[in-house]
2 protein chains.
Amino acid sequence: MKVLIVEDDQFHGSYLQDALSEALPEVTEIISASDGLEGEEAARQPGVDAIVMDLQMADRNGIEAARTIWSERPDSRIMFWSNYADEAYLRGIAKVVPPDTAYGYVLKTASRERLKLSLRAVLIEGQIMVDREIHRQQNRGDIQRARLDDSEYAVLMDLALGLQDRLIAERRGMSLRTVQNRLLSLYEKLGVDSDLDAGLTLNKRVRALHRALVTRAINVETLETAQRDLNEWLVGRASPGRRS
Amino acid sequence: MKVLIVEDDQFHGSYLQDALSEALPEVTEIISASDGLEGEEAARQPGVDAIVMDLQMADRNGIEAARTIWSERPDSRIMFWSNYADEAYLRGIAKVVPPDTAYGYVLKTASRERLKLSLRAVLIEGQIMVDREIHRQQNRGDIQRARLDDSEYAVLMDLALGLQDRLIAERRGMSLRTVQNRLLSLYEKLGVDSDLDAGLTLNKRVRALHRALVTRAINVETLETAQRDLNEWLVGRASPGRRS
DNA sequence: AGACCTGTTGCGGGAACCCGCAAGCGAATT
DNA sequence: AATTCGCTTGCGGGTTCCCGCAACAGGTCT
């Protein structure tokens with residue numbers, strides 16, 4: 001069995017390599033890549049059965065690399081290994097994982113035992129496994145009162161990009177008023193108003209983005225990929241009617 | 001010589017310990033802390049001459065820890081050691097470093113040689129030393145067209161918190177129109193308009209925050225500490241004139 | 001001194017935003 | 001079939017935001 005490790009921190013990389021060969025005796029070969037691009041390249045080698053991937057990497061991050069890898073080989077088993085329990089990462093992964101594909105998400109702070117267990121479960125058994133820390137993070141009701149559904153999340157991304165209501169409506173195919181309703185529930189769920197019990201009134205749009213960031217509903221990498229998606233959408237929209 | 005290492009990643013911690021004792025033969029004792037709070041505590045021990053501090057830590061981050069340490073012992077020499085070259089960190093450090101105090105900022109991606117050199121320069125020689133990568137990051141004119149001055153930065157933080165113009169004016173002691181002028185130049189410097197050459201008009205406030213984040217002018221930790229500062233200011237404002 | 005530049009402030013108006021109200025519509029329940 | 005519930009949509013109005021225009025103060029250059 002041949003496993004690819006994509007990790008840009010050499011210490012974490014060698015620790016991972018250790019744990020991997022300890023946990024999975026069936027591994028015969030380990031290859032490494034130190035950023036997302038290299039990772040995509042290396043994953044094209046024949047015989048790569050499984051991948052362990054860091055999420056935060058300089059050039060191309062883990063989720064983007066995973067997207068291209070999965071688009072080429074949808075049955076690849078990928079284990080994500082990350083410092084942070086941001087909900088944004090989980091959403092990002094959920095958007096790119098093919099159906100019936102095994103993947104996992106463990107934190108770097110997890111114990112060696114849990115890491116080894118997860119590696120076996122995902123890479124060998126083909127399970128789907130997400131560190132319970134990550135789910136717990138999201139559900140703490142004091143900070144994030146309710147989960148955002150997909151449509152709300154989409155609007156949140158557009159808001160975060162700075163689109164105005166009209167544009168969001170066009171992009172998401174809703175009416176203007178519906179967009180505003182989504183925003184309303186976003187403000188509610190993100191706790192925008194709860195901060196102004198102190199009697200101060202604030203800019204809800206910006207505050208929503210602020211709250212989304214500090215609650216880890218989105219993060220800066222999310223913003224960057226969302227910007228790329230927006231650019232694609234924009235060129236797709238710019239064909240006919242070259243007016244003004 | 002007694003040195004304190006504050007670092008929550010054990011691998012990086014032991015690497016640092018190695019490099020430290022290699023680079024500084026005069027070190028006789030190394031003590032460790034694994035988060036900001038522990039670090040503050042440990043720094044109170046007698047005889048701690050120098051500190052190496054990670055910036056990203058779970059509970060209390062490196063800058064906050066440095067602030068309390070410096071407030072107790074302003075002559076402490078602190079070397080910051082970080083994964084990211086965010087301008088936000090540099091600004092945060094600049095705000096808390098006492099005058100005539102030695103400090104340094106190196107990236108974790110720096111070579112072992114450069115790390116050792118910086119350690120000597122800062123902890124032994126008492127120099128101020130900032131990794132050139134960090135300055136380079138900020139000055140790339142394609143992304144960030146011009147540096148923000150302190151007043152603009154302050155307004156940017158308030159904007160990021162979701163304050164509206166009136167509040168910012170009150171907090172910073174400017175007129176409403178002046179605040180708006182600051183915002184104008186922020187929009188300019190952050191490149192808010194440059195994105196809308198594609199002909200799309202967007203919400204400048206939110207877009208400014210977006211740009212500030214992706215250009216690393218600010219980051220999420222900045223937002224969190226700014227929120228705390230805001231809360232302090234709010235309670236300080238709430239005493240007399242209980243009007244409406 | 002006069003010209004000039006930079007930063008601050010007020011005014012005013014068009015655009016965007018926030019949101020209450022109410023009508024419409026499909027799905028689930030009774 | 002009637003009712004209820006949730007979601008969508010249009011309308012209207014109060015508020016905030018963005019910013020051009022212009023007056024003014026203080027500092028610099030000639």
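Residue numbers begin at 1 in each chain, while the letters A, B, ... track the order of the sequences.
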Under the salt bridge (charged side-chain N to carboxylate O under 4.0 Å, His left out) rule, collect the residues that match up with [X], sequence neighbours excluded.
X	result
A:E152	A:K189
B:R67	none
B:D54	B:K108
A:D150	A:R91

In whole angstrom, give the distance that lies between atom [atom1] of [X] and atom [atom2] of [N].
X	N	atom1	atom2	value
A:L202	C:dC17	CG	P	17 Å
A:E188	C:dC19	CD	C1'	13 Å
B:L167	D:dT15	CG	P	17 Å
B:R172	C:dT8	CZ	P	14 Å
B:R182	C:dG7	CZ	P	8 Å
B:L184	C:dT6	CG	P	16 Å
A:K204	D:dT16	NZ	P	12 Å
B:D193	D:dC17	CG	P	18 Å

Below 4.0 Å: OP1/OP2 of D:dT15 and any side-chain N or O of B:R166: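 For B:R166, the contact criterion (side-chain N or O under 4.0 Å from OP1 or OP2 of D:dT15) is not met.
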So does B:N203 get a side-chain nitrogen or oxygen closer than 4.0 Å to the phosphate oxygens (OP1/OP2) of C:dC17? yes
Kindly state which residues belonging to residues 151-164 of chain B come within less than 4.0 angstrom of DNA chain D, counting heavy atoms of the residue only, listed by number. B:Q164
Partners meeting side chain to side chain contact (heavy atoms under 4.5 Å, CB included) with A:A121 (sequence neighbours left out):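 Side chain to side chain contact (heavy atoms under 4.5 Å, CB included) check on A:A121 returns A:Q127, A:M129.
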Among residues two or more places apart or on two chains, list those pairs meeting salt bridge (charged side-chain N to carboxylate O under 4.0 Å, His left out) that have a residue in residues 218-230 of chain A.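 Listed by first then second residue: A:E64-A:R228, A:E224-B:R216.
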B:N181 meets the side-chain hydrogen bond (donor to acceptor under 3.5 Å, both in side chains) criterion, sequence neighbours left out, with B:R177
With B for base contact, S for sugar-phosphate-only contact and - for none (protein heavy atoms under 4.0 Å), nucleotides 9-14 of chain C reads BBB---
When you measure from the side chain of B:R77 to the backbone of B:A102, do you find a donor-acceptor pair of N or O atoms at a distance under 3.5 Å? no
Could you check whether atom CZ of A:R166 has more than 12 heavy atoms from other residues, nucleotides or ligands sitting under 6.0 Å from it? no
